[in-house]
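Have a look at the structure below, then the notes.
Quick caveat: nothing in here was measured; it's all calculated off a predicted structure. The basis for the numbers below is simple: all heavy atoms, side chains too, and nothing from hydrogens, waters or symmetry mates. Lettering of chains follows the sequences in order, A, B, ..., and the numbering in each one begins at 1.
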Amino acid sequence: QKEVEQNSGPLSVPEGAIASLNCTYSDRGSQSFFWYRQYSGKSPELIMFIYSNGDKEDGRFTAQLNKASQYVSLLIRDSQPSDSATYLCAVNKGKFYFGSGTKLNVKP
Amino acid sequence: DAGVIQSPRHEVTEMGQEVTLRCKPISGHDYLFWYRQTMMRGLELLIYFNNNVPIDDSGMPEDRFSAKMPNASFSTLKIQPSEPRDSAVYFCASSFQGKQYFGPGTRLTVT
């Protein structure tokens with residue numbers, strides 16, 4: 001079983017809608033979770049991180065943790081075409097375990 | 001801060017040649033990671049260091065790959081001899097207090 005799993009997508013949403021991205025993790029003891037955005041041909045960029053003690057909101061982005069079901073969500077409100085990218089979920093257990101990423105397409 | 005710096009940004013070499021990739025982490029960061037990314041295999045962790053000491057090299061594909069971190073501000077990843085299947089984007093990343101930041105990557109093409 002992989003440490004972190006994501007649906008590869010693509011997830012298509014219209015501009016202005018809410019995009020919801022999810023990933024599941026296998027280790028119930030995981031404490032810190034990260035979301036990276038990667039544009040085509042670029043490096044992953046850290047956009048959100050949360051710890052096991054709660055959710056986090058930053059502008060249009062909200063990261064939520066469901067410990068009982070062992071999944072992490074990233075919500076993007078008012079999606080823009082510039083949000084079109086691959087979103088990578090990661091868990092830090094000393095070393096980082098990354099999911100394979102979900103490709104998001106925001107259609108104008 | 002300048003962020004993680006990697007060089008070269010692009011490298012094209014012939015099979016059998018030695019390739020050296022370089023990385024300067026963000027000042028003050030105590031962890032350094034080397035990743036490889038391909039379409040087929042996604043992002044793979046090769047090796048990581050803590051305070052210049054290699055902690056886990058289980059992701060290094062074979063003995064042709066080696067990595068060093070002689071000081072807190074410099075690391076190298078060497079492939080000798082290189083093979084076409086080594087073609088990928090190699091990322092260096094550094095972290096402090098659990099937050100990891102990536103460099104721009106080196107696109108390696110082995111012909």
(message) Taking side chain as everything from C-beta outward and backbone as N, CA, C, O, which of these in A:Q38 sits under 4.5 Å from a heavy atom of chain B? Side chain, backbone, both or neither.
(response) side chain
(request) Any salt bridge (charged side-chain N to carboxylate O under 4.0 Å, His left out) involving residues 95-108 of chain A? Give me the pairs, sequence neighbours left out, ordered by first then second residue. (result) A:K95-B:D56
(message) Tell me which pairs pass salt bridge (charged side-chain N to carboxylate O under 4.0 Å, His left out) where either residue lies in residues 9-18 of chain B, with sequence neighbours left out.
(response) B:E18-B:K78
(request) Nearest 0.5 Å please: distance from the CG atom of A:L88 over to the CD atom of B:Q37. (result) 7.0 Å
(request) Treat each ILVMFWY residue as a node, draw an edge where side-chain heavy atoms are under 4.5 Å apart, and state whether A:I50 and A:Y87 are in one component. (result) yes
(message) Could you check whether atom CG of B:D63 has more than 12 heavy atoms from other residues, nucleotides or ligands sitting under 6.0 Å from it?
(response) no
(message) Counting only non-hydrogen atoms closer than 4.5 Å, does B:E44 touch chain A with its backbone (N, CA, C, O), its side chain (CB onward), both, or neither?
(response) neither
(request) Step through the shown structure and confirm whether more than 12 heavy atoms of other residues, nucleotides or ligands are within 6.0 Å of NZ on A:K93. (result) yes
(message) Would the distance check show the side chain of A:S43 and the main-chain N or O of B:G105 forming a donor-acceptor pair, the cut-off being under 3.5 Å?
(response) no
(request) Name the option with the most non-hydrogen atom pairs under 4.5 Å to chain A; the candidates are B:G42, B:G103, B:G98. (result) B:G98
(request) Give the cluster check for B:L43 versus B:I47: same hydrophobic cluster or not, with ILVMFWY residues linked at side-chain heavy-atom distances below 4.5 Å. (result) no
(message) Once rounded to the nearest 0.5 Å, what's the spacing between atom CZ of A:F34 and atom CD of B:Q100?
(response) 8.0 Å
(message) Counting only non-hydrogen atoms closer than 4.5 Å, does A:Y36 touch chain B with its backbone (N, CA, C, O), its side chain (CB onward), both, or neither?
(response) side chain
(request) Verify the ring-centre separation between A:F96 and B:Y35: is it less than 6.0 angstrom? (result) no
(request) Report the C-alpha distance between A:F49 and B:K99 in whole Å, list the side-chain angles of each, state the deciding distance to 0.1 Å, and finish with yes or no for side chain to side chain contact (heavy atoms under 4.5 Å, CB included). (result) CA-CA 8 Å; A:F49 59 91; B:K99 293 186 277 292; 3.2 Å; yes
(message) If hydrophobic clusters are built by linking Ile, Leu, Val, Met, Phe, Trp and Tyr wherever their side-chain heavy atoms come under 4.5 Å apart, do B:I5 and B:L108 end up in the same one?
(response) no
(request) Starting at CZ of B:F91, measure out to NZ of A:K42 and round the result to the nearest 0.5 Å. (result) 10.5 Å
